[in-house]
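For reference, the structure discussed in these notes is given below.
Along the sequence shown, residues carry numbers from 1. Hydrogens, waters and symmetry mates are skipped; everything else that's a heavy atom, side chains included, is used.
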Amino acid sequence: MHIMKLQEKYFNYIKYGTKEYEIRLNDEKRKKIKKGDLIEFQKEPLKEEKIIYEVEDLLYFNNFGELINNIDIKFLASSEESTKDFLNSLNDFYTIDDQNKYGVVAIKLKKNNNFVIEKNYISMISYNDNIFTNIKNNYSNSKEWYLKLINKNEECYFTRKDNNITSLLILKINETDSQQIDKKNVLKIRTLNVFETNRGIGNFYLKIADDVAIMNGINTIYCTCKNSNKDFIKFITNNNYKFYKDLGDEHIYVKEIR
């Protein structure tokens, strides 16, 4: 997963507008980006609001003038922006010498069936939100669990529609319970809940978990789930998670990262 900071208007062009390409110098940092990688965009100046997209394609050009001649302005910023002004701002920010030295890259972002994966603090989601209903029904200590996450300022990944949270992913690095799993250096999927099915959100979340594990040098990802949750068990086992341990009314499933 790659991290990129964006000015507020360009962040919003991606999240709410038609912007499909993020354009940068093709410097050493950008040369590491490959198709299928994830990019976490952080909105400046506070960088608290974040969105995550998958790289669909990479297009290379000699300079930004050539790039803009080949890609419509509405996919780079907004159709309301002047192409001339946009190019001038790019040339002011990136020198012509640097453009000639590195070239430039247009990173095409995969728009995932019109859903946007956001990342923010769990505190921005109310405990009374419907996304927590299953947890409340299955775990008597859910309120204490929620408050613990708030107190630790933990982050989560989520989607929303009409201001309602429609999916949620919560991860925890190196959380182990000796009664559950005897492995060290693990990533736990604490929560994975998706209301909108058949849109690829769950698969995207598992890709995020893979990338977070790789970024942190972690070899093992695991989750627990109720034995009665047959749909979830089918989903994770279809995504290379293997049965690890029986906990009575719950099972542990593990994926090894190579």
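Separation of the Tyr205 and Tyr157 ring centroids does not fall under the 6.0 Å cut-off. Within the 6.0 Å centre-distance limit, the rings of Tyr146 and Phe132 are counted as a close aromatic pair.
Considering Leu25, Asp27, Asn26 in turn, Asp27 is the only one that fulfils the side chain to side chain contact (heavy atoms under 4.5 Å, CB included) rule with Lys29.
Looking only at side-chain heavy atoms (C-beta outward), Cys156 and Leu169 stay at 4.5 Å or farther from each other. Between Lys255 and Asp210, some side-chain heavy-atom pair lies under the 4.5 Å cut-off.
A salt bridge links Glu118 to Lys15: at least one charged side-chain nitrogen sits closer than 4.0 Å to a carboxylate oxygen. Using a 4.0 Å cut-off between charged side-chain N and carboxylate O, Lys110 and Glu20 make no salt bridge. The residues Lys9 and Glu81 are annotated as salt-bridged, a charged nitrogen and a carboxylate oxygen being separated by less than 4.0 angstrom.
A donor-acceptor pair under 3.5 Å is absent between the side-chain atoms of Asn100 and the main chain of Asp97, judged by distance alone. Formation of a donor-acceptor pair under 3.5 Å by the Asn216 side chain with backbone atoms of Ile218 is not found in this model. The backbone N or O of Ile131 sits less than 3.5 Å from a side-chain atom of Asp129, completing a donor-acceptor pair. At distances below 3.5 Å, at least one donor-acceptor pair connects side-chain atoms of Asn69 with backbone N or O atoms of Gly65. Looking at Lys19, its side chain never comes within 3.5 Å of a backbone N or O of Tyr16 through a donor-acceptor pair. When atom types are taken as modelled, the side chain of Asp98 and the backbone of Tyr94 share no donor-acceptor pair closer than 3.5 angstrom. At least one donor-acceptor pair closer than 3.5 Å links the side chain of Asn70 to the backbone N or O of Glu66. No donor-acceptor pair under 3.5 Å is formed between the side chain of Lys119 and the backbone N or O of Lys50.
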message = Could you go through Ser142 and Tyr127, starting from their C-alpha distance and side-chain angles, then the distance that decides it, and tell me whether this counts as side-chain hydrogen bond (donor to acceptor under 3.5 Å, both in side chains)?
response = CA-CA 9 Å; Ser142 61; Tyr127 179 69; 2.6 Å; yes
ask   = Is there a salt bridge (charged side-chain N to carboxylate O under 4.0 Å, His left out) between Lys5 and Glu44 once you walk through the steps?
value = CA-CA 6 Å; Lys5 302 177 183 66; Glu44 293 188 310; over 6 Å; no
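Relative ring orientation between Tyr10 and Tyr13 is described as perpendicular, the plane-to-plane angle rising above 60° on a 0-90° scale split at 30° and 60°.
Residue Lys136 places its NZ atom among more than 12 non-hydrogen atoms of other residues, nucleotides or ligands, all under 6.0 Å distant. Heavy-atom neighbours of Lys161 NZ from other residues, nucleotides or ligands within 6.0 Å: at or below the threshold of 12. Around the CD atom of Glu144, the shell of radius 6.0 Å holds more than 12 heavy atoms that belong to other residues, nucleotides or ligands.
In this model, no donor atom of one side chain and acceptor atom of the other lie less than 3.5 Å apart for Glu256 and Asn240. Residues Gln42 and Glu40 have side chains that bring a donor and an acceptor to within less than 3.5 angstrom of each other.
Remark: Ser123 OG to Asn153 CG distance equals 6.0 Å, nearest 0.5 Å.
Hydrophobic clustering, with ILVMFWY side chains joined whenever heavy atoms are under 4.5 angstrom apart, groups Phe115 together with Leu206. A continuous path of hydrophobic side-chain contacts links Val212 to Tyr253 [ILVMFWY only; heavy atoms under 4.5 Å].
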